[in-house]
Amino acid sequence: MNLEENIIKTVQQAIQELYQSELPVEQIALQDTRKEFEGQITIVTFPFIKFSKKSPEQTAQDLGSYLQVKIEKIVGFNVVKGFLNLAIADDFWVDQLYSDISKESYGQFPANGKKVMVEYSSPNTNKPLHLGHVRNNLLGYSVAAILEASGCEVVKVNLVNDRGIHICKSMLAWQKFGNGETPESCQLKGDHLVGKYYVIFDKEYKKQIEELKTAGQTEDEAKKNAPIIREAQEMLQKWEAGDEAVLNLWKKMNRWVYSGFAETYKKLGVDFEKFYYESDTYILGKDIIEEGLEKSVFFKKPDGSVWIDLTADGLDEKLVLRSDGTSVYITQDLGTAQLKFNDFKMDESIYVVGNEQDYHFKVLFLILQKLGKTWAKGLYHLSYGMVDLPSGKMKSREGTVVDADDLISEMVNTAKYRTEELGKVEGFSIEEKQELYQMIGLGALKYFLLKVEPKKRLLFDPNESIDFQGNTGPFIQYTHARIKSVLSKASLATSHSGIYTSALNSVERDLIVILHKYPEVIQGAAKDHSPAQIANYVFELAKLYNKFYHEEPILKAEEESVKQFRLSLSAATAAVIKKSMKLLGIAVPDKM
RNA sequence: GCACCCAUAGCUCAGCUGGAUAGAGCAACGGUUUUCUAAACCGUAGGUCAUAGGUUCGAAUCCUAUUGGGUGUACCA
């Protein structure tokens, strides 16, 4: 039993003994003591006064005295209004540092037997990745890492949208205007090449719409009748009919795209255990429609289309199968959900998808529940806000997107420039420099995107480069390098035989207290699916360490025992920084 | 129209299931380097937590209404 649990239990006992009342655990709120007061752990006593029939202050006093007697590690307390601040013995904290925090496995929870699938990235194969995808990828990767640390078994999957009218658009434009161009022939990454033809299609399409409009058609008519869109639709039909020429072209262009994506994924450092392809899964779901009809969860309209009525749940009537018997988006998602469960039998399944699909997932999950799928309760839509530019939303067809590859290389370049400016890379080899710039540039980008709560929309101004100072990735990386530098200049005792006897000063204590919180932070982040909580935590930690570093000499500490203690504290901090950053998918350098 | 999400310092964001005097970073201003990496540290200034009610011993946090912004509401995906 850890100290916090012990305190909670003892508070219950106290209420029982002092006031003869049963206190539910939920009513006991432990919080960090605010830094202007003495102590490390605070209990809010307001909820207890209905049992004590005394003032909050008096109740806190009674409770404080009781706890101090019962729990050895509580060496003092003070009461401010209704707040009971407990001072925990220094040797408790020192012991925490040596016994727990310094462990290699600190922050890795034992397996909890839960299997979780994280589906993320899920790109379309008609254009390269942009900043919005980057947010998605980093979120998915990080959430998976956090869940793993919390003890789950995690399966990362990518559901690639590799078919449909949008792919046909790129294919058609390439066929018409491409002159046999290939990634090799034009020295362009495959996904960018395909994206180029997607834009070309759109230009041509718009041109044709204008022509038809001047010829007297309405906007809607023109959109439907433009020859190029018709051709694209024909191509899609041929694709579905298995036309060999179309399939070959499709395979060729998708290969280009995949090699491009693979490069970007590698740079971002994300990976997947399994890929699902919509070209395989789009036919799925029809049997679920049957099942739903049998169970009367769905109903058929006279024209043959199949629907579900969700008005009782505050939603609408939703089409699940077209009158011609073909699937819609949700049909295949129903089927794919079943397929994924059959494949992995996971307890939870997380979909990392933007918030514009909130409604879709609400409907999807509700339908699966109504169908009586027991696993449906484990489905979770990790919805995140859009990444906006100052000019508004990114639109790939209009070319107002921040391209992922461009952004990454810009970040790396900026890192290079900043680092050279500071003149800190003497003695680095060419390769080491390159590696460092990658680390810093990507660290800045990843931290920037992950530090905000997923739900919130994110503003990215391409004209204002991402910061390298303050609450940033490089600041935390720098703190790590700083610690490593100190450690490399000293020999850290391998045994902690000489237990630290002097009193801790307040920064040292604060530092251990925050290190001690790390496992709890992981649990919280895992529960809320929120890398932002890890980001905020590691920033707090780095900031506090820098304060410590500035105020207290380490190598030049007066006594050897103090020096050894501070080295241990530094080493533990570096380790937790490194682990935390790893949960964000960010590497930290030993020198920078 | 209806549904969902968001609104906290000039800017970008924290603020856990309600708890102390609402916190950081950037930008601004001032200071710190013969001492372990100044991508750092210390300080000053900056707030009607969108507005109005309500619940509560206590509300940025919960409820209701209003305003402003976003998204969705297709036999598109």
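Proteins get letters first, then strands, A, B, ... in listed order; numbering begins at 1 in each. Just so you know, these numbers come straight off a predicted model, no measurement behind them.
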*Measure from CG on A/Asn85 to P on B/G19 and round the result to the nearest Å.*
16 Å
_Whether A/Arg34 contacts B/G23 is assessed here as follows: a side-chain N or O lying under 4.0 Å from the phosphate OP1 or OP2. Is that the case?_
yes
*For the side chain of A/Asn471, starting at C-beta, report the closest nucleotide among B/G25, B/A20, B/U71.*
B/G25
*Hey, is the side chain of A/Ser485 pairing donor to acceptor with the base of B/C36 inside 3.5 Å?*
no
*N/O donor-acceptor pair under 3.5 Å between A/Thr419 side chain and A/Ala415 backbone*: yes
*Counterpart base for B/U21, defined by Watson-Crick or G-U wobble contacts under 3.5 Å*: none
_Once you apply a heavy-atom cut-off of 4.0 Å, does A/Val44 come out as touching a base, just sugar-phosphate, or nothing?_
base
*Options B/U73, B/U35, B/A14, nucleotide nearest the side-chain atoms of A/Asp316*: B/U73
*Using atom NE2 of A/His529 as one end and atom C1' of B/C16 as the other, report the distance to the nearest whole Å.*
16 Å
*Nearest-Å distance once atom C1' is located in both B/A50 and B/G72*: 24 Å
*Would you kindly say whether A/Ser170 and A/Asn126 are connected by a side-chain donor-acceptor distance under 3.5 Å?*
no
_On RNA chain B, does the nearest nucleotide to A/Ile440 precede the nearest nucleotide to A/Gln533 from the 5' side, or the other way round? Give the residue._
A/Gln533
*How long is the line joining CD1 of A/Ile534 and C1' of B/C16, in whole Å?*
13 Å
*Identify whether any heavy atom of A/Asp461 sits under 4.0 Å from a base atom; if not, whether one sits that close to sugar-phosphate; answer base, sugar-phosphate or nothing.*
nothing
_Residue-phosphate contact under 4.0 Å: A/Arg457 side-chain N/O, B/C6 OP1/OP2_ = no
_Interatomic distance where CG belongs to A/Asp467 and P belongs to B/C13 [whole Å]_ = 13 Å
*Would you indicate what A/Val452 reaches in the nucleic acid, counting non-hydrogen atoms under 4.0 angstrom: base, sugar-phosphate, or nothing?*
sugar-phosphate
*Atom CD of A/Gln31 and atom C1' of B/G18: how far apart are they, to the nearest Å?*
11 Å
*Using the C1' atom on both, measure B/A22 against B/C16 and round to a whole Å.*
15 Å
*Between A/Lys455 and B/C6, does any side-chain N or O lie under 4.0 Å from OP1 or OP2?*
yes
*Pair A/Asp202 + A/Lys206: basic N to acidic O under 4.0 Å*: yes
*Classify the ring geometry between A/Phe275 and A/Tyr277 as parallel (under 30°), tilted (30 to 60°) or perpendicular (over 60°).*
parallel
*asked:* Using the P atom as the point on both nucleotides, what is the distance between B/A3 and B/A60, in whole Å?
replied: 28 Å
*Roughly, in whole Å, what's the span from NZ in A/Lys451 to C1' in B/G25?*
6 Å
*At under 4.0 Å between heavy atoms, what does A/Glu453 touch on the DNA or RNA strands: base, sugar-phosphate, or nothing?*
sugar-phosphate
*asked:* Need one value for A/Tyr359: base, sugar-phosphate or nothing, where a base atom within 4.0 Å counts as base even if backbone is also close, heavy atoms only.
replied: sugar-phosphate
*How far, in whole Å, is B/U37 from B/U44 if one measures between their P atoms?*
29 Å
_Strictly by Watson-Crick or wobble contacts shorter than 3.5 Å, is anything paired with B/C16, and which nucleotide is it?_
none
*Ion pair A/Arg163/A/Glu240, N-O distance below 4.0 Å*: yes
*Select from A/Thr419 and A/Lys35 the residue whose nearest nucleotide in RNA chain B is closer to the 5' end of that strand.*
A/Lys35
*Taking the P atom of each, how far is B/U33 from B/A39, in whole Å?*
15 Å
*Is the shortest distance from a Lys or Arg side-chain nitrogen in A/Glu119 or A/Lys340 to a carboxylate oxygen in the other one below 4.0 Å?*
yes
_Please verify the inter-ring angle class for A/Phe365 with A/Tyr351; under 30° counts as parallel, over 60° as perpendicular, anything in between as tilted._
tilted
_Classify A/Glu552 by what it touches in the nucleic acid, base, sugar-phosphate, or nothing, heavy-atom distance under 4.0 Å._
base
_Please classify the nucleic acid contact of A/Asn161 as base, sugar-phosphate, or nothing, using heavy-atom distances under 4.0 Å._
sugar-phosphate
Give each protein N/O atom lying under 3.5 Å from an N/O atom of nucleotides 40-46 of chain B, with the pair distance.
{"residue": "B/A40", "atom": "OP1", "partner": "A/Gly470", "partner atom": "N", "Å": "3.1"}
{"residue": "B/A40", "atom": "O2'", "partner": "A/Arg482", "partner atom": "NH1", "Å": "2.9"}
{"residue": "B/C41", "atom": "O2'", "partner": "A/His550", "partner atom": "ND1", "Å": "2.9"}

_Can you tell whether the side chains of A/Arg34 and A/Glu36 come within less than 4.0 Å, N to carboxylate O?_
yes
*A/Tyr384 OH to B/G70 C1': how many Å, rounded?*
15 Å
*asked:* Check for me: is A/Phe46 stacked on B/G58 by the 5.5 Å centroid and 30° plane-angle rule?
replied: no
*Below 6.0 angstrom between ring centroids: does that apply to A/Phe539 and A/Tyr447?*
no
*Just checking A/Lys424: base, sugar-phosphate only, or nothing, at a heavy-atom cut-off of under 4.0 Å?*
base
*Would you mind classifying the nucleic acid contact of A/Ala532 as base, sugar-phosphate or nothing, using non-hydrogen atoms under 4.0 angstrom?*
nothing
*Measure up the A/Phe460 and A/Phe448 rings against each other and bin them: parallel (under 30°), tilted (30 to 60°), perpendicular (over 60°).*
perpendicular
_Any A/Lys489 side-chain N or O less than 4.0 Å from OP1/OP2 of B/U37_ = yes
*Base paired to B/U64 (Watson-Crick or G-U; both N/O distances under 3.5 angstrom)*: B/A52
*With a 3.5 angstrom cut-off on both distances, give the Watson-Crick or G-U wobble partner of B/U73, or none if there isn't one.*
B/G1
*If we take the P atom in both B/G43 and B/C63, what is their distance in whole Å?*
38 Å
*What nucleotide, of B/U21, B/G19, B/U71, holds the atom closest to the side chain of A/Pro47?*
B/G19
_Rounding to an integer number of angstrom, what distance separates B/G19 and B/C62 when you compare their C1' atoms?_
14 Å
*Which of these nucleotides, B/A20, B/C75, B/C6, is closest to any side-chain atom of A/Lys456?*
B/C6
_What's the gap between B/C11 and B/G46 when it is taken at their C1' atoms, as a whole Å value?_
12 Å
*Can any side-chain N or O of A/Asp162 pair as donor or acceptor with the backbone N or O of A/Glu278 at less than 3.5 Å?*
yes
*asked:* For a quick check of understanding: with a heavy-atom distance under 4.0 Å over all strands, which category does A/Glu278 fall into, base, sugar-phosphate or nothing?
replied: sugar-phosphate
_Value in whole Å for how far the C1' atom of B/C75 lies from NZ of A/Lys301_ = 10 Å
*Using both distances under 3.5 Å as the test, list the Watson-Crick or G-U wobble partner of B/U33, or none.*
none
*Charged N to carboxylate O under 4.0 angstrom, A/Asp32 versus A/Lys517?*
yes
*Measure from the side chain of A/Glu356, starting at C-beta and using heavy atoms only, and say which of B/U71, B/U37, B/A20 lies closest.*
B/U71
_Identity of whatever pairs with B/A28 - Watson-Crick or G-U, under 3.5 angstrom_ = B/U44
*May I ask you to evaluate whether A/Arg322 reaches the phosphate of B/C76, defined as a side-chain N or O under 4.0 Å from OP1 or OP2?*
yes
